[in-house]
Number of protein chains: 2
Amino acid sequence: MPIPPPARSRGPKPTRVDPDQLLDAAQAVFAIDGLQGASLRAIARRAGCDPALIYYHFASKEAMFEALLDRTIGPVVTELLGLCDSRDPRSVAERLWLIVGIYHAHLGSNVGMRGLVRGEIVRGGEAIQESIAKRVFPALGAIGQLIRQGIEQGEIREDTSPLFTTFFLVRMELEILDLIPVMAPRLSGMPGDLAVALAERAWFRLFWRGIATRPEEALPFLPDIEEARP
Amino acid sequence: MPIPPPARSRGPKPTRVDPDQLLDAAQAVFAIDGLQGASLRAIARRAGCDPALIYYHFASKEAMFEALLDRTIGPVVTELLGLCDSRDPRSVAERLWLIVGIYHAHLGSNVGMRGLVRGEIVRGGEAIQESIAKRVFPALGAIGQLIRQGIEQGEIREDTSPLFTTFFLVRMELEILDLIPVMAPRLSGMPGDLAVALAERAWFRLFWRGIATRPEEALPFLPDIEEARP
DNA sequence: ACTCCAATTCAACGAGTGTTGAATTGTGCC
DNA sequence: GGCACAATTCAACACTCGTTGAATTGGAGT
């Protein structure tokens, strides 16, 4: 005698799950467990649907990762390209500081993606590395151009390598976002948010002194931050 | 009729596999697949033994990771502590540069461990985070002390935060080791090794100008590197 | 009222995982 | 020679994983 089918509800749910919600869930789970560690079942559980549904909207786990990449990196890149336009009247120093702010604004509350992207670049499985390079490297090129503008206009020292300097500026900002919130409370008892703001300002001061032709000139665009009292 | 046992060789092999060899294999596999992605079977295959043998030498996969951590980070920490001794007659600038060299020497060919440690700090599963903090943070404290020496002796600007500055110096060196070999060939066609050496020197110049009271003073201890011709 | 399709679920497959307990055997000691 | 023990392997357990094919159903269009 065959067991009677439990007859649970199949078919469409009253509340549809659209791909964006799946990406939200994926982002959250990737953030905690990493690309390898995150399971489609966990993502589905978080989105409130069946794992199989993911395959209705995305071709595979990796395709979902690429969609996620587009969604988060896209806006950053276009905003960066805007800032690096050579007709912008603001000083190069100020625009470099604004670049720090762009990364902070778009990726500040996005630990997972930062780690994933970095991890995949380092580990570098050819395929994923390529898909990241296509999206990230144009932005780096634009920042390099901005630095060259700074050199031509005499704001930045001539012995400055645009490539390395771009790398220093961007990578350190991302390192601050990634690590300071975890390390600062442990090492100094400072709350994470405050520590990040202080670190960013300290970093930019150091960075600018390192490449400027007039390092002692004031940087009026840098914000004042209330120092924490111990 | 029961199938006859294949009667392969059990018991000790002629060539013993000591724990260190297991750690070598683990390091290699962790480097490629990450902490989650690496399987004990893959490690055992590389070490030329059975997965079960790992449990004879280590309590678990995680215990093996901690042993690996000790083996690679231990020497770095002791060497760092030596350099930061306040009785060292060399200038603070030179000793900070030597710190860069120490990280390079010990971790330069050790991509896996760097990524793992960083990843675990960021992701921060309480247990592993603690086990890393205990090993890594004392070294950071020592470097902070060295920077305070520099401030007292007038080599380093007074508005320098020892904590953040330590973070900047160390993290950037590790970022160079991690990312430049992958990114430089793609972005500039420069071979990885050369790019790393150039980046380290460029970084230290920028860093030192950012914190020094006399930023224009020459740094005779910096090596000359043949520039690549395009 | 009927049809059709998009959205969803179920159930399963095969592969790979960390881990364990028992079995095996070479080596050195008495 | 006999014995204890350390080092090693085998076989299995109970999971979890990504993925797929078939089944199901609510709602839109006619």
Side-chain angles (χ1 to χ4, degrees), chain A residues 2-30 32-68 116 120 125 127-128, chain B residues 2-26 29-30 32-68 116 120 125 127-128:
Chain A
I3 43 171
R8 291 199 231 147
S9 77
R10 281 205 197 185
K13 285 194 303 183
T15 64
R16 300 279 177 99
V17 179
D18 73 300
D20 247 2
Q21 286 173 274
L22 282 178
L23 287 182
D24 288 341
Q27 183 166 320
V29 177
F30 279 146
I32 298 170
D33 299 326
L35 186 53
Q36 304 234 14
S39 81
L40 294 182
R41 286 171 169 83
I43 294 172
R45 207 178 309 129
R46 190 175 186 106
C49 70
D50 191 273
L53 181 59
I54 294 177
Y55 285 87
Y56 184 75
H57 291 294
F58 303 96
S60 68
K61 189 183 181 181
E62 199 177 305
M64 187 165 53
F65 171 71
E66 298 212 7
L68 194 49
L116 282 184
E120 293 307 316
I128 290 196
Chain B
I3 43 172
R8 292 200 229 143
S9 77
R10 281 204 200 186
K13 284 196 303 184
T15 63
R16 298 280 177 101
V17 179
D18 72 299
D20 248 3
Q21 287 173 274
L22 282 179
L23 287 183
D24 288 342
V29 177
F30 278 146
I32 297 169
D33 298 328
L35 186 52
Q36 304 235 15
S39 81
L40 294 181
R41 285 171 169 84
I43 295 172
R45 206 177 311 130
R46 192 176 182 105
C49 70
D50 191 272
L53 180 59
I54 294 176
Y55 285 86
Y56 183 77
H57 291 294
F58 303 96
S60 67
K61 189 182 179 180
E62 197 177 305
M64 188 165 51
F65 171 71
E66 298 213 7
L68 194 47
L116 282 182
E120 293 308 317
I128 290 196

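All heavy atoms count here, side chains included; hydrogens, waters and symmetry mates do not.
As a whole-Å value, the separation of A/I54 CD1 from D/dT20 P is 13 Å. The separation between A/H57 atom NE2 and C/dA6 atom C1' is 10 Å, rounded to whole Å. A/D50 has its CG atom 12 Å from the C1' atom of D/dT20, to the nearest Å. Distance CD (A/E62) to C1' (D/dC17): 16 Å, rounded to an integer number of Å. The CD1-P distance, from A/I43 to D/dT19, rounds to 11 Å in whole Å. Between A/D18 atom CG and C/dA6 atom P the separation is 17 Å, expressed in whole Å. Taking atom CZ on B/F58 and atom P on D/dT8, their separation rounds to 12 Å, with Å as the unit. Atom CG in A/L53 sits about 14 Å away from atom C1' in D/dT24, given to the nearest Å.
For the salt bridge (Lys or Arg N to Asp or Glu O under 4.0 Å) condition, no pair includes a residue of residues 36-49 of chain B, sequence neighbours left out.
In this structure, the separation between CG on B/L68 and CG on B/L22 is 11.0 Å, given to the nearest 0.5 Å. From B/M64, atom CE reaches atom CD1 of B/I43 across 3.5 Å, with rounding to the nearest 0.5 Å.
Here the shortest heavy-atom pairing between B/K61 and B/Q36 reads NZ-O, 3.5 Å. Of all heavy-atom pairs spanning B/V17 and B/Q21, the tightest one is CA-OE1, 3.7 Å.
In the set D/dT9, D/dA6, C/dT8, D/dA6 carries the atom at the smallest distance from any side-chain atom of B/Y56. The side chain of A/A52 lies closest to C/dT9, out of D/dA7, C/dT9, C/dA7. Proximity note for B/C49 (side chain, C-beta onward) versus D/dT9, D/dT20, C/dT8: the nearest is D/dT9.
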Only pairs under 3.5 Å count here: list side-chain donor-acceptor contacts from residues 52-60 of chain A, not counting sequence neighbours, and write none if there are none.
{"from": "A/S60", "atom 1": "OG", "to": "A/E62", "atom 2": "N", "distance (Å)": "3.4"}
{"from": "A/S60", "atom 1": "OG", "to": "A/A63", "atom 2": "N", "distance (Å)": "3.2"}

For nucleotides 16-18 of chain C, tabulate all protein N/O to nucleotide N/O atom pairs closer than 3.5 Å, reporting atom names and distance.
{"from": "C/dT17", "atom 1": "OP1", "to": "B/S39", "atom 2": "OG", "distance (Å)": "3.0"}
{"from": "C/dG18", "atom 1": "OP1", "to": "B/A38", "atom 2": "O", "distance (Å)": "3.2"}
{"from": "C/dG18", "atom 1": "OP1", "to": "B/L40", "atom 2": "N", "distance (Å)": "3.4"}
{"from": "C/dG18", "atom 1": "OP1", "to": "B/K61", "atom 2": "NZ", "distance (Å)": "3.0"}
{"from": "C/dG18", "atom 1": "OP2", "to": "B/L40", "atom 2": "N", "distance (Å)": "2.9"}
{"from": "C/dG18", "atom 1": "N7", "to": "B/R41", "atom 2": "NH1", "distance (Å)": "2.8"}
{"from": "C/dG18", "atom 1": "O6", "to": "B/R41", "atom 2": "NH2", "distance (Å)": "3.1"}

